[in-house]
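Along the sequence shown, the residues carry numbers beginning at 1. No experiment lies behind these values; they were computed from the predicted model shown.
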Amino acid sequence: MKALAILKDRVARLGTAGLTTDEAALYFRAQCDGLAGLELGGAIPAEEGERLWCAGLATLIRGLNGA
C-alpha cells in the first residue's frame with residue numbers, strides 16, 4: 001500500500017502528540033474515511049463539504065503538532 005506508506009511518512013514529519021506514527025496515520029485515515037462516508041451518505045451538504053474537510057483536517061494536524 002504505497003499510499004499508506006506516504007501518509008505515514010508525512011504524519012511522522014508533523015509530530016504525533018505521543019502516538020506512534022502508525023497510530024497517528026490511523027487517526028488521520030479514520031477522520032478521512034468518516035468524513036467521506038458522511039459526505040457520500042448526504043449528512044454533509046455539498047456546499048459545506050470543502051469547508052468541513054479543511055477545518056477537520058487542520059484541527060487534526062494542529063493536534064498532532066501539539067498546538
Side-chain angles (χ1 to χ4, degrees):
M1 292 173 72
K2 185 176 180 179
L4 186 56
I6 292 169
L7 175 60
K8 287 180 183 180
D9 179 59
R10 291 184 180 172
V11 166
R13 287 187 255 153
L14 288 173
T16 57
L19 303 169
T20 68
T21 299
D22 287 345
E23 291 168 337
L26 183 65
Y27 282 114
F28 194 92
R29 181 180 170 191
Q31 182 159 347
C32 291
D33 287 352
L35 285 167
L38 290 170
E39 193 168 15
L40 290 171
I44 296 176
E47 64 276 3
E48 292 293 313
E50 184 175 354
R51 182 185 67 79
L52 292 174
W53 273 86
C54 289
L57 294 175
T59 300
L60 177 62
I61 290 167
R62 279 193 305 273
L64 290 173
N65 276 319

**Shortest non-hydrogen contact from Leu7 toward Ala25** = CD2-O, 3.7 Å

**Message:** With side-chain contact (heavy atoms from CB on, under 4.5 Å) as the criterion, how do Leu19 and Leu26 come out once you've worked through the C-alpha distance, each side chain's angles and the decisive distance to 0.1 Å?
**Reply:** CA-CA 10 Å; Leu19 303 169; Leu26 183 65; over 6 Å; no

**Request:** Using side chain to side chain contact (heavy atoms under 4.5 Å, CB included) as the criterion, list what pairs up with Asp22, not counting sequence neighbours.
**Result:** Lys8, Thr20

**Message:** Using a 6.0 Å cut-off, check whether atom CD of Glu47 has over 12 heavy atoms from anything other than its own residue.
**Reply:** yes

**Message:** Which residues pass the side chain to side chain contact (heavy atoms under 4.5 Å, CB included) test with Thr59, not counting sequence neighbours?
**Reply:** Arg62

**Message:** Quick check for you: to the nearest 0.5 Å, what is the distance between Arg51 atom CZ and Ile44 atom CD1?
**Reply:** 9.5 Å

**Prompt:** Looking at residues at least two apart in the chain, or sitting in another chain, which of them share a side chain to side chain contact (heavy atoms under 4.5 Å, CB included) with Ile61?
**Reply:** Leu14, Phe28, Asn65

Would you mind writing out the side-chain donor-acceptor pairs for residues 31-39 within the sub-3.5 Å range, not counting sequence neighbours?
residue	atom	partner	partner atom	Å
Gln31	NE2	Gly56	O	2.8
Glu39	OE1	Trp53	NE1	2.7

